[in-house]
Q: 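Quick one: structure below, then a few questions.
The figures here come from the full heavy-atom set of this structure, side chains too, leaving out hydrogens, waters and symmetry mates. Order of listing sets the numbers, starting from 1, for every ligand and every atom in it. These numbers come from a predicted model, not from an experiment.
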Amino acid sequence: PEAITIQELANRMSERAVDVIRMLMKQGAMHKITDVIDADTAQLIAEELGHTVKRVAASDVEEGLFDTVDDSTDTETRSPVVTVMGHVDHGKTSLLDALRHANVVSGEAGGITQHIGAYQVLSPESGKKITFIDTPGHAAFTAMRARGAKVTDIVVLVVAADDGVMPQTVEAINHAKAAGVPIIVAINKIDKPDAKPERVRTELLQHEVQVESFGGEVVDVEVSAKNKTNLDKLLEMIALQAEILDLKTNSERPAEGTVIEAKLDRGRGPVATVLVQRGTLRVGDIIVAGAEMGRVRALISDQGETVQEAGPSVPVEVLGFNGPPEAGDRLAVVENEARARQVTSYRAHQKRENAAASISGMRGSLEQMMS
Ligand code: GTP
Ligand code: MG
């Protein structure tokens, strides 16, 4: 059954928690502000305090948070969001670093003061921006997909030319295919004397990745992150693929996005790196992500600069959450704090119920094992 903390109940009625506690005391129950009471008791208290109670279902709480069905207003072109994947040590980080330092949007490599896990790069020929997400690994990608978060438009599959297709290469191919995301192959480390790019293409064929020179449609680019060879070409191929995908959005609506990573920073409090996907996120917006809420206190760009707003495909650090949300949580802007509290307290409650259910489930199976 539904339950609510005394603090939360008081908040929702704009009453003082002590008055709620006093009311409960009258009924012979001693409570602390953090105690959880059941929905029936909460309703009784609320009605005694002169409030009308409307119990809401999950569908009511989540209703209208994300405008996922109606995309008829998505008419603006947006930058592609790219995730780099591949086998361990094949050069994912090196490639991302090389791309970032070669073509950072602001043009000044020295301007990068902090690493936010996602950033934009300028494609030199077309002048178009590309958003890269620096995921820590496949696990994060899987977790995001499991939460229904779709952040990636294109996967750049890095394969070291001296090592060839390896287990995690195959894993990445399967991830991309399952998500229905097109692959661009970056055959890396071509500077190495034992590089065999042709062998990579043949091995890819065995996993149903057919590059153009083999009559397929998958684009491959031979690169060297070390020597910065062909990086512009890789960016151009990404821009081209983006054009084919015809990515659209609407910046004129309340923001929707996905949390890429989040942490509790000693000085700054909860900090979340968010990829804005639709709409525009602004300082002062009231936001929810997972079971956390807040008011945007500051937005920090991938250049480490404070900005007032962030539009579609733009990654930003968001300050102002009450607690750090989780990677893969979807962010939404809501009308007011009451709505934010309704959504997050409902989700927090669900989370506790799920956790309790899985613990009692575990206990059950343990007991079965012991008997
Ligand atoms: P994990 O994050 O551990 O999975 O590795 P990664 O894929 O990010 O590889 P990383 O960029 O850390 O590179 C692994 C090693 O390969 C490092 O020693 C790099 O210096 C080297 N390396 C990366 N790119 C190149 C390249 O183009 N040429 C050569 N010769 N070495 C490279
Ligand atoms: Mg790495």
Q: Return the set of residues passing salt bridge (charged side-chain N to carboxylate O under 4.0 Å, His left out) with Lys248 (not counting sequence neighbours), or none when no residue passes.
A: Asp246
Q: Counting only nitrogen or oxygen atoms and a 3.5 angstrom limit, does Gly91 reach ligand 1?
A: yes
Q: Number the atoms of ligand 1 from 1 as they appear, then name those within less than 4.0 Å of a heavy atom of Ser224, with their elements.
A: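 Checking each atom against Ser224, I get 27 (O).
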Q: Mind checking whether Asp191 contacts ligand 1 via backbone (N, CA, C, O), side chain (CB onward), both or neither, at a 4.0 Å heavy-atom cut-off?
A: side chain
Q: Of all the atoms in ligand 1, which lie at a distance below 4.0 Å from a heavy atom belonging to Lys92?
A: 1 (P), 4 (O), 5 (O), 6 (P), 7 (O), 8 (O), 9 (O), 11 (O)
Q: Which residues pass the side chain to side chain contact (heavy atoms under 4.5 Å, CB included) test with Leu240, sequence neighbours left out?
A: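 Side chain to side chain contact (heavy atoms under 4.5 Å, CB included) list for Leu240, sorted by chain: Met237.
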Q: Look at ligand 1 and say whether His87 reaches it with a heavy atom at a distance under 4.0 Å.
A: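 So His87 counts as touching ligand 1.
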Q: Is the Mg ion (ligand 2) less than 2.8 Å from an N/O/S atom of Thr93, whether that atom is in the backbone or a side chain?
A: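 Looking at Thr93, which is the residue asked about, there is an N, O or S atom under 2.8 Å from the Mg ion (ligand 2).
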Q: Evaluate the salt bridge (Lys or Arg N to Asp or Glu O under 4.0 Å) criterion for residues Glu317 and Arg268: first the C-alpha distance (whole Å), next the side-chain angles of each, then the deciding distance (0.1 Å), finally the verdict.
A: CA-CA 11 Å; Glu317 269 192 338; Arg268 302 184 297 163; 3.1 Å; yes
Q: Among Asp89, Leu95, Asn227, which one puts a heavy atom closest to atom 1 (P) of ligand 1?
A: Asp89
Q: Can you tell me which portion of Asn188 lies within the under-4.0 Å heavy-atom range of ligand 1? Options are side chain, backbone, both, or neither.
A: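 The answer is the side chain.
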Q: Counting heavy atoms only, which of Gln168, Lys192, Lys228, Lys189 comes nearest to atom 32 (C) of ligand 1?
A: Lys189
Q: Under a 4.0 Å N-O cut-off, is there an ion pair linking Arg78 with Asp153?
A: yes
Q: For a 4.5 angstrom cut-off between non-hydrogen side-chain atoms, does Ile45 reach Gln27?
A: yes
Q: Answer yes if the side chains of Gln350 and Arg347 hold a donor-acceptor pair under 3.5 Å, and no otherwise.
A: no
Q: Salt bridge between Glu222 and Arg201, side-chain N to carboxylate O under 4.0 Å?
A: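 Looking at Glu222 and Arg201, the cut-off is met.
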Q: Under a 4.0 Å N-O cut-off, is there an ion pair linking Asp19 with Arg16?
A: yes
Q: Has ligand 1 got any nitrogen or oxygen that is less than 3.5 angstrom from a nitrogen or oxygen of Ala225?
A: yes
Q: Could you list which atoms of ligand 1 come closer than 4.0 Å to a heavy atom of Val88?
A: 3 (O), 4 (O)
